Amino acid sequence: MRLSKALIPTLKETPSEAQIASHRLMLRAGLIRQMASGIYAWLPAGLRVLTKIADIVREEQDRIGAQEVLMPTIQSADLWRESGRYEAYGKEMLRITDRHDRELLYGPTNEEMITAIVRDNIKSYRDLPQMPYHIQWKFRDEVRPRFGVLRGREFLMKDGYSFDLDFDGAFRTYKSIMLAYMRTFQRIGITAIPMRADTGAIGGDLSHEFHILAPTGESGVFFDAAFETGDALGATDPDAFYEQMTTTYAATDEKHDESAWAQIPPERKREGRGIEVGQIFYFGTKYSKAMNFAVTGADGQKFYPEMGSYGIGVSRLVGAIIEARHDEAGIIWPQAIAPWRAAILNLRQGDATTDTLCEQLYQALGADALYDDREERAGAKFAEADLMGLPWQLIVGPKGAAKGMVELKHRATGERFELPADEALAKVRA
RNA sequence: CGGGGCGUGGCGCAGCCUGGUAGCGCGCUUGUUUUGGGUACAAGAGGCCCCCGGUUCGAAUCCGGGCGCCCCGACCA
């Protein structure tokens, strides 16, 4: 992308509505614009991040055999009357009426809908288990939206649902989801910790929240240092992984157990703050019973499938990652989800030597590069590159360019290398 | 939902108390300058002062109502 042509409206000053770092930086770096309280438009750079996160989420869901579907944002109130939640959900549910006065709602979640779909189409135990998921916009009419995308009303969420024959199957599914989630967060490039959680409004017996560590997180977290070095990508057995995750100490402040904490060797104790970016639930037959979803078993008897649901806040993750990874100058994107891998800074736009070298670099990197080809001062380009936080900056000035040299800056560490152009390219691509 | 605050050019703000027809910084346009960390100078463009109503000779300013947005708390993926 050529910055001179891109819709990436960066801001030198912080709009007054933004208080916390991620919100400020998302606005300043031109990722989003607010359209109404808690409702945001995603601009090209922001959308690229959102898409990259969704892609990783999708790959890890597919890996464990989940199947992607896409359910609508608008749902019928009747569906929710079946489970009894239409009345129970309260004002957070945005209720709307169509021209025929039919009651509709903008879905805050999809348990009812997916249960109806599976119920209407799955009749035999032979067709279980099923694990559909989708990545779709949701709406919860929060009393008080805040923190930008971290607590918006409209948000992008991956929500998955599982239907198993029995508890053992459901528990196995639950464990494989936990592993998939930890793999997902690790691939994104952040440290996430699963914590035992309350089941809240959704109801059920077994639930974990996933918190990523960020100094500005809304809840205090206590955990064993083992989580800092855990390797979900290397784990192969969901049972063993689950065992390890749930026996290593981790708790949010409201669940913190001082006596258990006292057992942890001091050098392994870690305290910090966390932002919840996902939650998983096992809730048994709550919805299958309420919505009369029964299938015929091998013995010819009807039974209710065992269910669970599993969410990842995709749009919230964007904000959460920035909370975890930024400095005074701007965002520091993890490589896997950075909108572009590298920025090319042409320090003297219009100079034949720098123009030529920059064009070569841009051609070589293609879609992975954001080329700052604007007529701007070097200082402005540096400042904006740091703000936007791409992992690498290829800095091309007239002196270096004459010798085929560029300066490669690593955003996360601030390291700079004077390198021949092809070596710099190799490093960026590595 | 309780409490507080704000709404003036694209962004950040002053002006409002003590009514007299709108200003500053940044950004934008043009030119010169500068050329490796948001350069300097000059000349420009750009405003239904959130909306509606009232008071007044006159309202950004005072009064009433409405809308929007933010912050703290309770609540939440």
Side-chain angles (χ1 to χ4, degrees), chain A residues 9-20 23-24 27-28 30 33-40 89-93 107-111 135-160 181 197-202 207-212 218-219 254 274-281 309-320 328-330 345-351 353-354 372 374-387 393-401 405-407 409 414 416 418:
Chain A
T10 55
L11 263 20
K12 206 164 164 180
E13 291 177 276
T14 304
S16 58
E17 77 250 27
Q19 300 300 315
I20 63 162
H23 192 194
R24 281 201 308 266
L27 256 12
R28 287 195 52 214
R33 283 295 181 265
Q34 181 173 131
M35 297 294 105
S37 180
I39 299 177
Y40 295 86
Y89 216 94
K91 290 191 168 179
E92 284 208 336
M93 179 185 280
T109 178
N110 287 64
E111 278 83 7
I135 299 174
Q136 177 63 292
W137 292 94
K138 304 275 184 295
F139 195 94
R140 290 183 193 168
D141 197 1
E142 295 283 346
V143 204
R144 188 184 159 211
R146 66 182 119 169
F147 305 148
V149 112
L150 286 178
R151 183 77 184 278
R153 292 194 292 173
E154 188 182 47
F155 53 97
L156 186 64
M157 185 175 176
K158 187 288 295 184
D159 44 322
Y181 273 32
D198 286 327
T199 51
I202 296 186
S207 179
H208 285 86
E209 291 175 350
F210 295 79
H211 287 257
I212 73 171
E218 72 263 70
S219 36
E254 63 264 27
I275 300 174
E276 188 191 337
V277 292
Q279 186 165 11
I280 60 180
F281 303 85
S309 77
Y310 318 93
I312 291 181
V314 177
S315 52
R316 169 180 275 196
L317 262 171
V318 179
E328 326 69 52
L345 309 192
N346 187 341
L347 295 192
R348 197 173 300 173
Q349 195 68 35
D351 175 277
T353 318
T354 61
D372 191 345
R374 299 168 307 160
E375 306 271 356
E376 280 292 344
R377 298 270 311 171
K381 295 195 176 190
F382 288 133
E384 290 198 16
D386 286 347
L387 207 213
Q393 295 171 18
L394 285 159
I395 300 165
V396 182
K399 282 171 251 147
M405 301 288 282
V406 302
E407 183 177 321
K409 176 178 169 183
R416 297 149 178 278
E418 282 283 348

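What you see is a predicted model, and the numbers here were worked out from it, not measured in a lab. A note on names: the letters A, B, ... follow the listed sequences, proteins ahead of strands, and every chain is numbered from 1.
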Sugar-phosphate only, base, or nothing, as touched by D386(A) at under 4.0 Å among non-hydrogen atoms: base
Pairwise P distance for C28(B) and C11(B), with rounding to whole Å: 15 Å
Residue K12(A), side-chain atoms from C-beta onward, closest of G27(B), G36(B), C71(B): G27(B)
Parallel, tilted or perpendicular: ring planes of F210(A) versus Y181(A), cut at 30 and 60 degrees: tilted
Minimum-distance nucleotide to R348(A) side chain [options: C75(B), U35(B), C69(B)]: U35(B)
Nearest-neighbour nucleotide for the E142(A) side chain, C75(B), C28(B), U34(B) considered: C75(B)
Distance-only donor-acceptor test, R151(A) side-chain atoms vs C76(B) base atoms, 3.5 Å: yes
Donor/acceptor link under 3.5 angstrom from E384(A) side chain onto base of G38(B): yes
Touch class at under 4.0 angstrom, heavy-atom based, for A378(A) against every strand present: sugar-phosphate
Protein-to-nucleotide contact annotation, 5' to 3' order, nucleotides 4-14 of chain B [B base; S sugar-phosphate only; - none; under 4.0 Å, heavy atom]: -------BSS-
Under 3.5 Å donor-acceptor, K381(A) side chain and R374(A) backbone: yes
Sub-4.5 Å side-chain heavy-atom contact between D386(A) and K409(A): yes
